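Report on the following structure.
What you are looking at is a predicted structure, and each value in this text was computed from that prediction instead of being measured.
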Amino acid sequence: MRASIAHVVGTAVLVALPALVSAQAPAAPAGQPPAAAPAPPPPSVKVGDPAPDFDLAWFSPVGDGKETPPKYEPKRIKLSDFKGKQNVVVAFFPAAFSPGCTNEMKQYQTQHGTFTAANTRVLGVSVDSTWSNRAFREQLGVQFPILSDWKREAARQYGLLDENSGVARRATFVVDKGGVVRKVDVGREALDPSGVVGMCKTLETH
């Protein structure tokens, strides 16, 4: 009998607890929607700034990449390697194999010939391992490097690292041949590379 009473009392407390907590929580003013989550901070690197240099690893295909199974060798790429030679698109994305990032990288592959014609190198960047990015690149069949920012150094330099999740927020930077940032797209805007394509064409014709 005592156990039964305790069970009933305990159940009643559990049922009433959410209502009690709700009653103690401050209510939103009448007629106003709940407060939205704060927007993520913008990148620390802005248009007109020198692009911070980085030195990141990836697996580069050996030969024409058509061998079965394909062969790779570990390599590194520095952003400064392209200074005075090519414009560079640096596309930070949160996670390999996620739907949004998959679609984004596919669109860059679709436009790869256009970027090449505009003397522009595309570099995908994520905090995933080199092995994960290699598999991601293979799955998509992209022709540009996808670099591993495993230590999160580049993401921090560009002000993109979400310290809670450990991933880089989505952002794309167009860097001209002088090493200066000429365009920055963030969030959903960065999913569509059409504006980036236009800027790279402009840089090459002026």
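Transitive grouping of hydrophobic side chains (ILVMFWY, heavy atoms separated by less than 4.5 Å) brings W58 and F92 into a common cluster. Taking hydrophobic clusters as Ile, Leu, Val, Met, Phe, Trp and Tyr residues chained together by side-chain heavy-atom distances below 4.5 Å, V180 does not share a cluster with F82. Each of V184 and L203 belongs to its own hydrophobic cluster when Ile, Leu, Val, Met, Phe, Trp and Tyr are linked at side-chain heavy-atom distances under 4.5 angstrom. Using a 4.5 Å cut-off between side-chain heavy atoms of Ile, Leu, Val, Met, Phe, Trp and Tyr, with links allowed through other members, F54 and F173 fall into the same hydrophobic cluster. In the hydrophobic clustering of ILVMFWY residues, with side-chain heavy atoms under 4.5 Å counting as a link, F93 and Y108 come out together.
Atom NZ of K46 has more than 12 neighbouring heavy atoms from other residues, nucleotides or ligands inside a 6.0 Å radius.
Each of R182, K183, Q86 was compared with D176 under the side chain to side chain donor-acceptor pair (under 3.5 Å) criterion, and only R182 meets it.
Side-chain atoms of V89 and C200, non-hydrogen and from C-beta on, do get closer than 4.5 Å to each other. In this structure the side chain of W131 never reaches within 4.5 angstrom of the side chain of S148, judged on heavy atoms. With a 4.5 Å cut-off on side-chain heavy atoms, F59 and P74 count as touching. You'll find the side chain of K201 stays beyond 4.5 Å of the side chain of F115, heavy atoms only. Looking only at side-chain heavy atoms (C-beta outward), E138 and P70 come within less than 4.5 Å of each other. The shortest side-chain heavy-atom distance between V88 and L79 falls under the 4.5 Å cut-off. In this structure, Q109 and L140 have side chains that are not in contact, with every pair of non-hydrogen atoms separated by 4.5 Å or more. Side-chain atoms of W150 and V127, non-hydrogen and from C-beta on, never get closer than 4.5 Å to each other.
Side-chain atoms of R169 never come within 3.5 Å of backbone atoms of V186 as a donor-acceptor pair (strictly under, hydrogens ignored). Under a 3.5 Å cut-off, the side chain of D149 and the backbone N or O of V125 do not form any donor-acceptor pair. Between the side chain of N133 and the main chain of T130, no donor-acceptor pair closer than 3.5 Å is present. Proximity of a side-chain donor or acceptor of R76 to a complementary backbone N or O of D55 within less than 3.5 Å is detected. In this structure, S44 contributes its side chain and G159 its backbone to a donor-acceptor pair below 3.5 Å. Using modelled atom types, no side-chain atom of D162 and backbone atom of V167 make a donor-acceptor pair closer than 3.5 Å. T120 contributes no side-chain N or O that, together with a main-chain N or O of T116, makes up a donor-acceptor pair within less than 3.5 Å. The main-chain N or O of P43 is never found under 3.5 Å from a side-chain atom of Y158 such that the two would form a donor-acceptor pair.
With rounding to the nearest 0.5 angstrom, the CD1 atom of I77 is 7.5 Å from the OG atom of S60. In this structure, R137 CZ and S132 OG are separated by 13.5 Å, a value rounded to the nearest 0.5 Å.
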Would you please test E73 and K75 for salt bridge (charged side-chain N to carboxylate O under 4.0 Å, His left out) and show each step?
CA-CA 6 Å; E73 60 183 345; K75 285 191 175 182; 3.5 Å; yes

Stepwise, does the side-chain contact (heavy atoms from CB on, under 4.5 Å) test hold for E204 with K177?
CA-CA 9 Å; E204 191 55 25; K177 285 181 282 190; 3.8 Å; yes

Mind running side-chain contact (heavy atoms from CB on, under 4.5 Å) on F136 and I146 for me, showing each step along the way?
CA-CA 9 Å; F136 186 44; I146 297 183; 4.0 Å; yes

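Within the structure, every pair that satisfies the side chain to side chain donor-acceptor pair (under 3.5 Å) test and touches residues 91-107, not counting sequence neighbours, is listed here: E104-R170. For the salt bridge (charged side-chain N to carboxylate O under 4.0 Å, His left out) condition, no pair includes a residue of residues 118-131, sequence neighbours left out.
Listed by chain and number, the residues in a side chain to side chain donor-acceptor pair (under 3.5 Å) with K83 amount to none (sequence neighbours excluded).
The pair E163-R152 does not count as a salt bridge, with every side-chain nitrogen at least 4.0 angstrom from each carboxylate oxygen.
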